[in-house]
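Step one of this worksheet: look at the structure below.
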Amino acid sequence: MSTFADTTFTAPEQIRNFCIIAHIDHGKSTLADRMLQITGVVQARDMRAQYLDRMDIERERGITIKAQNVRLPWTLDGAQHVLHMIDTPGHVDFTYEVSRALDACEGAILLVDAAQGIEAQTLANLYMALDRDLHIIPVLNKIDLPAADPEKYAAEIAHILGGEPEDVLRVSAKTGMGVSELLDEVVRQVPPPVGVADAPARAMIFDSVYDTYRGVVTYIRVVDGKITPRERIRMMSTGAVHELLEVGIISPEPKPSQGLGVGEVGYLITGVKDVRQSRVGDTVTSERKGATEALSGYREPQPMVYSGLYPVDGSDYPDLREALDKLQLNDAALTYEPETSAALGFGFRCGFLGLLHLEITRDRLEREFGLDLISTAPNVVYRVVLDDRGELTVTNPSDWPEGKVAEIFEPVTKCTIIAPSEYIGTIMELCQGKRGQLGGMDYLSEDRVELRYTMPLGEIIFDFFDSLKSRTRGYASLDYEESGEQASDLVKVDILLQGEPVDAFSAIVHKDAAYGYGTRMATRLRELIPRQQFEVPIQAAIGSRIIARETIRAMRKDVLAKCYGGDITRKRKLLEKQKEGKKRMKMVGRVEVPQEAFVAALSTDEPTGKDKKK
Amino acid sequence: MPGSALSGLGQRPFGVYVHVPFCATRCGYCDFNTYTPGELGSSASPASWLDGLRAELDLAAAVLGSAPPADTVFVGGGTPSLLGADGLTSVLDAVRGAFGLAPGAEVTTESNPESTSPEFFAGIRAAGYTRVSLGMQSAAPHVLAVLDRVHTPGRPGAAAREARTAGFEHVNLDLIYGTPGETDDDLRASLAAVLEAGVDHVSAYSLIVEDGTALARRVRRGELPMTDDLVLADRYEIIDATLRAHGMHWYEVSNWASTVDARCRHNLGYWLGGDWWGAGPGAHSHVGGVRWWNVKHPAAYAKALAEGRSPAAARELLSPEDHALERVLLEIRLVDGLPVSALDPSALPEARAAVADGLLDAGALDAGRCVLTDRGRLLADAVVRRLT
């Protein structure tokens, strides 16, 4: 339906740009839905739950991966206003995207579940918003729930923000209670955008999405000047020039417009087919008389975690390549290059923003493209300084240098953990075991505590999430952000079958964890690899030093006891099946290793992802 | 029946197998095609089964045309001894009526020790049976209990002696090894009992936990442990060494005999590609490269034959590849092995590699035969996969 907000070039004083900072199940999508409905841009009967979360996996995992934004009309005291609600990605791996979305706003709604209180990632995003001087409107949601404790959590929020508990608004996104009042407060409290209307155009890209029919749809926030259709634009990071095919707003379906002015949020379409050509954080300007200085804050996406992805069935390799090509159109952070593993055959070394990004990608490859995949243990990026002062970057244990190394640096993170205070001891024990260093601890309320740790990223991506969740019965929440690097005593542990190293099982671990990794893998493989006709030693080694050993005893019996008249057909078919199965074995030297053994050996330590929504 | 299948009939050994699908009780490990009276109710009985059997054997004689007399007859089950000496006499009469018996024919019946007696053995000896196979399984009471076998530990040996007294020269005892709870010493005691009974043939099978049996359910629930393959291998070696020390030598992976004459000719027919007609519910047949098998339930079996229809449920024509594979997998199990000429020439390097790995006998291969070594016997299926 059409409203006054459909017309662009709205005066900046009438515009309010805001986002919603919330933990995943605290009701952000429901609140967004309710706002669409209350402002009248979506009719109640057209309302699809969680209108803004479009992808299946997002809906299933309850996380928003890609931001959407929407333009809403709102009249307060007779004055018409345009609200731009900018949806932020809801996961730790997408911190940079969150920061860009925040930069497109002047205010943020801090949305907290009145029955659960603030969670670690919400806190991290809140701090990011405060760093950017965003105006924060604290809101407790789900106040209609019987378990809601608004007094307690309002006090908690006031403690964090330094305000009064009475300033915390109370809504129920589900019933709509308090949502109109919240929109009023957005108009009253959030400052209008400020920009120079007659300056050269500068707009920040805060999201970029590939659409099968339209090509790349780029979401922008205009800072200075204006963006109008049928002009050519320039991407300031690369200097690339594109035709502008369409400029428009989302409300909540895309609507072409006459252009976008200062402070306005909308989309543009240039006809490019790859989100890499329209990068989040980049500045868009007009080709002619364009700006000379880009907006600050752009950076290239940096993979933080690497993993090898291999098709279980080697003949699926071309399909895997095609699927990755397609995913990359819509995922500027995904990198991949072909790699060969002696054990797993042909696959790809893929780079991800983090572990969840990895899991989402693998999930999509398996689900949307019907592939069966083996993923090798995730690996962070190490900087290795050699004795001759040469330096190399290692993202794969196979590239670990054989010779003497002077120093090894690993990425570290700053972690925030929020949990009920009864778990402090458990969490500290876990974090110490993961080489974490306690940076500080604050009580958010009487029984909830925030712990701050510095911890190697390599430890977090191993099995930290799962351990934290299981030791705190799911009550702890976690956020982390990269925080430079540190020199560490790291070693590569190889796993050898009958003296042959199996590249897929090699891992880079801290010296003190090497023995544990080695024994765990050796024990697990002894159980997973069937007996062969000869004894198979399994060894874990650092270089030539053996640190753990197990033995798969030789198979001594492989014969069907009975073979009479009625058994012959059955036995022939069984043999044919066994021979078929043998073809699916991977050979490591003379050892036949079933695919399933690789899958099982490589998957057990990986978080399943199911319970680490954040 | 394709003419090609019948063309060599009579030039190969010809056997008749009769399946008796009745048991007094169901043993927990058994997945054979057999039924207790409670399971059958009034749907089938030994009498209706015998009618069906007669009809099937007449049908067989007609299908095979000028069928040769049977070189071997084997009555298996189930529990054939439940039919009693009279019942078994009727069975053999039916076979004789349909095909006749070749001079010196081997005629075996399986029996459960608890349903035999001196009178029983005298009766079937008089009817023309020449060989008895007794299901002993073990001499250890706790092993018999796990297997749900109802006979007392001493009964099989006593039955074997009764059979010999009744004139049976050839008596077999069946052993099952590797039952959960069995120890090496239990097995040695069973072997001692076998040797004491003075039989000329022993079959020993490792316990197979078959899907769908009560035993499989108990193992799955964790009530009984599965016996490790390495233990099974040890037990097999105990059996082989003990029997060998007492003059009984293996002639098939799971079968030992004191003389060449004591070997079961009927079973050799299975392993050497002979022809046989399997009569009775669920019985399998093979004639000249055609295999078929009957419907399994005694009621369906009896009904088909009462209506003048064939009781066959399905059949397969063996392709040359099937035939070649079967020949390797069956003949390799025998003490004389299989001729190298039966292998695909491309498998010869694997045969030599198997010699190097200690699985095939070096001298035999030089002489043109693939013969399993002691170790190779326990890995026979792996050898077959390498050679085919």
Side-chain angles (χ1 to χ4, degrees), chain A residues 497-500 522-538 549-597, chain B residues 15 17 19 32-33 74 76 176-178 203-208 228-237 252-254 266-267 269-271 276 278 282-286 291 293 316 318 322 325-326 328-330 333 354 357-359 372 375-386 388:
Chain A
L497 283 185
Q498 247 204 350
E500 295 257 352
T523 311
R524 193 179 294 162
L525 289 172
R526 190 196 61 201
E527 283 156 13
L528 290 169
I529 298 175
R531 284 179 184 142
Q532 316 277 314
Q533 279 176 35
F534 39 87
E535 189 172 282
V536 178
I538 307 170
R549 185 192 159 106
E550 290 279 352
T551 304
I552 303 171
R553 296 181 61 189
M555 181 198 302
R556 287 177 48 215
K557 185 167 182 298
D558 180 7
V559 59
L560 221 59
K562 285 200 174 194
C563 191
Y564 298 97
D567 304 313
I568 298 172
T569 300
R570 183 161 86 142
K571 184 167 165 67
R572 190 185 74 236
K573 296 203 163 136
L574 180 70
L575 267 166
E576 281 164 355
K577 214 168 109 186
Q578 287 171 339
K579 287 174 73 171
E580 212 39 55
K582 190 173 164 156
K583 284 189 201 151
R584 294 189 66 241
M585 297 274 189
K586 297 272 189 192
M587 297 301 295
V588 175
R590 290 174 66 213
V591 183
E592 294 174 358
V593 183
Q595 286 288 6
E596 302 74 49
Chain B
Y17 173 77
H19 189 73
F32 289 178
N33 188 39
F74 195 108
I176 291 179
Y177 63 93
S203 302
Y205 310 110
S206 67
L207 179 69
I208 300 172
D228 189 277
D229 277 357
L230 299 180
V231 173
L232 294 179
D234 288 342
R235 300 262 161 88
Y236 182 89
E237 287 173 353
E252 193 265 355
V253 167
S254 301
H266 183 82
N267 289 341
Y270 296 142
W271 301 319
W276 75 90
H284 288 238
S285 301
H286 170 256
R291 289 193 190 289
W293 45 95
E316 61 174 0
L318 298 177
D322 293 340
L325 175 61
E326 283 194 358
V328 175
L329 76 85
L330 292 169
R333 294 173 69 92
D357 290 342
L359 302 173
L372 295 169
R375 181 167 165 259
R377 254 188 282 165
L378 278 163
L379 295 166
D381 288 359
V383 174
V384 172
R385 287 196 297 273
R386 288 173 67 170
T388 55

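This structure is a prediction, so every number in the text was calculated from the model and none was measured.
The parts of B:Leu379 that come within reach of chain A are both its backbone and its side chain, each placing non-hydrogen atoms under 4.5 angstrom from that chain. With a 4.5 angstrom heavy-atom cutoff, B:Leu207 does not touch chain A via any of its atoms. Looking at B:Leu325, the atoms closer than 4.5 Å to chain A (heavy atoms on both sides) all sit in the side chain, from C-beta outward. Both the backbone and the side chain of B:Arg385 have a heavy atom closer than 4.5 Å to some heavy atom of chain A. Looking at B:Asp357, only its side chain comes within 4.5 Å of chain A, counting heavy atoms on both sides. Interface residue B:Thr388: backbone and side-chain heavy atoms are both found under 4.5 Å from chain A. Contact annotation for B:Arg377: only backbone heavy atoms (N, CA, C, O) come within less than 4.5 Å of a heavy atom of chain A. With a threshold of 4.5 angstrom between heavy atoms, A:Gln533 approaches chain B through its backbone and through its side chain. Heavy atoms of B:Arg386 lying under 4.5 Å from chain A belong exclusively to its side chain.
The main-chain N or O of A:Met555 is never found under 3.5 Å from a side-chain atom of B:Asp229 such that the two would form a donor-acceptor pair. Between the B:Ser206 side chain and the B:Gly178 main chain, no donor and acceptor come within less than 3.5 Å of each other. Not a single donor-acceptor pair under 3.5 Å links the side chain of B:His284 to the backbone N or O of A:Thr569.
Per-residue counts of heavy-atom pairs under 4.5 Å with chain A were compared for B:Val253, B:Val383, B:Asp234; the largest is that of B:Asp234. Annotation: maximal heavy-atom pairing with chain A below 4.5 Å, among B:Arg291, B:His266, B:Arg333, occurs at B:Arg333. With chain B as partner, the option from A:Asp567, A:Leu575, A:Ile568 having the largest number of non-hydrogen pairs under 4.5 angstrom is A:Ile568.
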Could you check B:Glu316 against A:Arg572 for side-chain contact (heavy atoms from CB on, under 4.5 Å), going step by step and ending with a plain yes or no? CA-CA 12 Å; B:Glu316 61 174 0; A:Arg572 190 185 74 236; 2.9 Å; yes
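Between B:Phe74 and B:Tyr17, the two ring planes are parallel [angle under 30°; tilted spans 30° to 60°]. Using a 30° and 60° split on the angle between ring planes, B:Tyr205 and A:Tyr564 fall in the perpendicular class, above 60°.
The distance from atom NZ of A:Lys562 to atom CZ of B:Phe32, rounded to the nearest 0.5 Å, is 3.5 Å.
Figure legend: cation-pi geometry between A:Arg590 and A:Phe534, with NZ or CZ positioned under 6.0 Å from the six-membered ring centre and within 45° of its axis.
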